[in-house]
Amino acid sequence: MKDYRRTLDHPLLQDFDAEGLWSRLRKMAAYQDTSVRLRGGLFMLRRGQLALSVSAFAEQGGMSRKRIRLLLDRFEADGMITISRAPGKVFSIITICN
């Protein structure tokens, strides 16, 4: 089945905010292992991972932080992603699960 069809049929992706966030996460994820510089530190991202600041992402995307956090938590509960929240960091590492 084509990927866009699976997205249309997925119960969590029925509203535009959720579908848009899911699409953006997938596009932002690293396509190969890479290192990124964030907040003065060097971090390794594995294939399928991205570093995300919910506050910065909310500003960019026009959604509230609360709405983005709610959707991320729903994606995580459904097994679509895993979220690693490092204490004291302003970003989370999100892994897209296939």
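Being a predicted model, the structure only gives us computed values, none of them experimental. When reading the values below, keep in mind they use all heavy atoms of this one structure, side chains included, and skip hydrogens, waters and symmetry mates.
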State the OG-CD distance between Ser64 and Glu59, to the nearest 0.5 angstrom.
12.5 Å
Residues Phe75, Ile94; criterion side chain to side chain contact (heavy atoms under 4.5 Å, CB included); working and verdict
CA-CA 11 Å; Phe75 292 166; Ile94 296 177; over 6 Å; no
Are side-chain heavy atoms of Thr95 and Leu50 found at a separation under 4.5 Å?
no
Which distance, rounded to the nearest 0.5 Å, do you find between the CZ of Arg26 and the CD1 of Ile81?
12.5 Å
Given side chains that start at C-beta, do those of Ile83 and Leu72 come closer than 4.5 Å, heavy atoms only?
yes
Would one find more than 12 heavy atoms of other residues, nucleotides or ligands at under 6.0 Å from atom CZ of Arg24?
no
Answer yes or no: is there a side-chain heavy-atom contact under 4.5 Å between Leu71 and Met63?
yes
d(Phe91 CZ, Ser84 OG) to nearest 0.5 Å is 11.0 Å
The reported gap from CZ in Arg65 to CG in Leu70 (rounded to nearest 0.5 angstrom) is 14.5 Å
Shortest non-hydrogen contact from Asp17 toward Arg67:
OD2-NE, 3.3 Å
Is Phe57 close to Met28 at the side-chain level, that is, under 4.5 Å between some pair of heavy atoms?
yes
With a 4.5 Å cut-off on side-chain heavy atoms, are Ser35 and Leu45 touching?
no
Between Arg37 (side chain only) and Leu42 (backbone N and O only), is there a donor and an acceptor less than 3.5 Å apart?
no
What one should report as the nearest heavy-atom pair of Ile68 and Ala58 is CD1-CA, 3.5 Å
Would you say Leu38 and Phe43 make side-chain contact, with heavy atoms under 4.5 Å?
yes
Between Gln49 and Ile96, is there a side-chain heavy-atom distance shorter than 4.5 Å?
no
Testing the basics here: between Arg47 and Tyr31, what is the closest heavy-atom pair and its distance to 0.1 Å?
NE-O, 3.2 Å
Looking at residues at least two apart in the chain, or sitting in another chain, which of them share a salt bridge (charged side-chain N to carboxylate O under 4.0 Å, His left out) with Arg46?
Asp33
